[in-house]
Amino acid sequence: DVKVTQSSRYLVKRTGEKVFLECVQDMDHENMFWYRQDPGLGLRLIYFSYDVKMKEKGDIPEGYSVSREKKERFSLILESASTNQTSMYLCASSRGTTYNSPLHFGNGTRLTVT
Amino acid sequence: QQQVKQSPQSLIVQKGGISIINCAYENTAFDYFPWYQQFPGKGPALLIAIRPDVSEKKEGRFTISFNKSAKQFSLHIMDSQPGDSATYFCAARAGGSYIPTFGRGTSLIVHP
């Protein structure tokens, strides 16, 4: 069974801090994604990666960056956290571009920026 | 703009009733339509998916109905149970793409 593990369940940070959210998947998936989930706005894609060291901006990349140095690990970085980045962050992975490759999500990191 | 519009935003159903969630899309390049189910404290997980070459797909109490000409698809949950209480997301993906476009989600509560 695919497992996507997010390192922190809850995180509280101060405005201006640099924040790292870590995600690891154990199924050798090529694709990895970072979403944020806010009530009424659904799942919004921040960044995705289709290979090691490759990254593409999603719909809301401003204020975020990512790093993928190893296939199994995808990190989301908030360069200078702001209160409007308080949200639930979800990492996901999927296998290549095969037709029926679903996204497998982690259980999320709830980030609060004060 | 929303490429996949989902309604309603919230839904309350009595146990044993039918829950219906609707989605509409504009992009005719979409050719794969999954539904994800998210329980509180968990990430979304694939529930059921359909391709546009069929009009209906059923898995247990869950059925997707697909209307290609209207560019609409819906999830029906028959005999809804309290354990079905969750947030449901419809999604659509274009051929050759590995990035789904999600609807905004429907919070379903099934009362016992």
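Atom set for the values below is all heavy atoms of this structure, side chains included, hydrogens, waters and symmetry mates excluded.
- Under a 3.5 Å cut-off, the side chain of B/Arg104 and the backbone N or O of A/Pro39 do not form any donor-acceptor pair.
- The choice from B/Ala91, B/Gly105, B/Pro100, B/Ala49 that makes the most heavy-atom pairs within less than 4.5 Å of chain A is B/Pro100.
- Contact of A/Leu103 with chain B is made through backbone and side chain together, with heavy-atom distances under 4.5 Å.
- Closest heavy-atom contact between A/Asn107 and B/Gly43: OD1-N, 3.2 Å.
- Hydrophobic clustering of Ile, Leu, Val, Met, Phe, Trp and Tyr side chains at less than 4.5 Å, counting indirect connections, unites B/Leu11 with B/Leu47.
- By the neighbour-count criterion of 12 heavy atoms within 6.0 Å, atom CD of A/Glu17 is densely surrounded, having more than that number from other residues, nucleotides or ligands.
- Both B/Val54 and B/Ile64 sit in one connected hydrophobic cluster of ILVMFWY residues. Membership requires side-chain heavy atoms under 4.5 Å apart, directly or through other members.
- In this structure, B/Gln38 CD and A/Leu43 CG are separated by 6.5 Å, a value rounded to the nearest 0.5 Å.
- In this structure, the portion of A/Arg9 lying under 4.5 Å from any heavy atom of chain B is its side chain and not its backbone.
- Atom CZ of residue B/Arg93 and atom OG of residue A/Ser94 lie 6.5 Å apart, to the nearest 0.5 angstrom.
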Check: Please walk me through it: do A/Gln37 and B/Phe102 pass side-chain contact (heavy atoms from CB on, under 4.5 Å)?
Finding: CA-CA 11 Å; A/Gln37 181 176 11; B/Phe102 286 94; over 6 Å; no
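- With a 4.5 Å cut-off on non-hydrogen atoms, B/Pro44 touches chain A through its backbone and its side chain both.
- For A/Leu90, the part lying under 4.5 angstrom from a heavy atom of chain B is the side chain only.
- A/Leu11 and A/Ile46 fall within the same hydrophobic cluster, defined by Ile, Leu, Val, Met, Phe, Trp and Tyr side-chain heavy atoms under 4.5 Å apart, directly or through other members.
- Hydrophobic clustering, with ILVMFWY side chains joined whenever heavy atoms are under 4.5 angstrom apart, groups B/Ile48 together with B/Phe73.
- Put simply, A/Val113 and A/Tyr35 are part of two different groups of oily side chains (I, L, V, M, F, W, Y) that touch within less than 4.5 Å, one to the next.
- Residue with the most contacts toward chain A among B/Pro34, B/Ser10, B/Gly41, B/Ser107: B/Gly41 (heavy-atom pairs, distance under 4.5 Å).
- Ring-plane geometry between B/Tyr98 and A/Phe48 is classed as perpendicular, the angle between the planes exceeding 60 degrees on a 0 to 90 degree scale with a lower cut at 30.
- At most 12 heavy atoms of other shown residues, nucleotides or ligands fall within 6.0 angstrom of atom CZ in A/Arg110.
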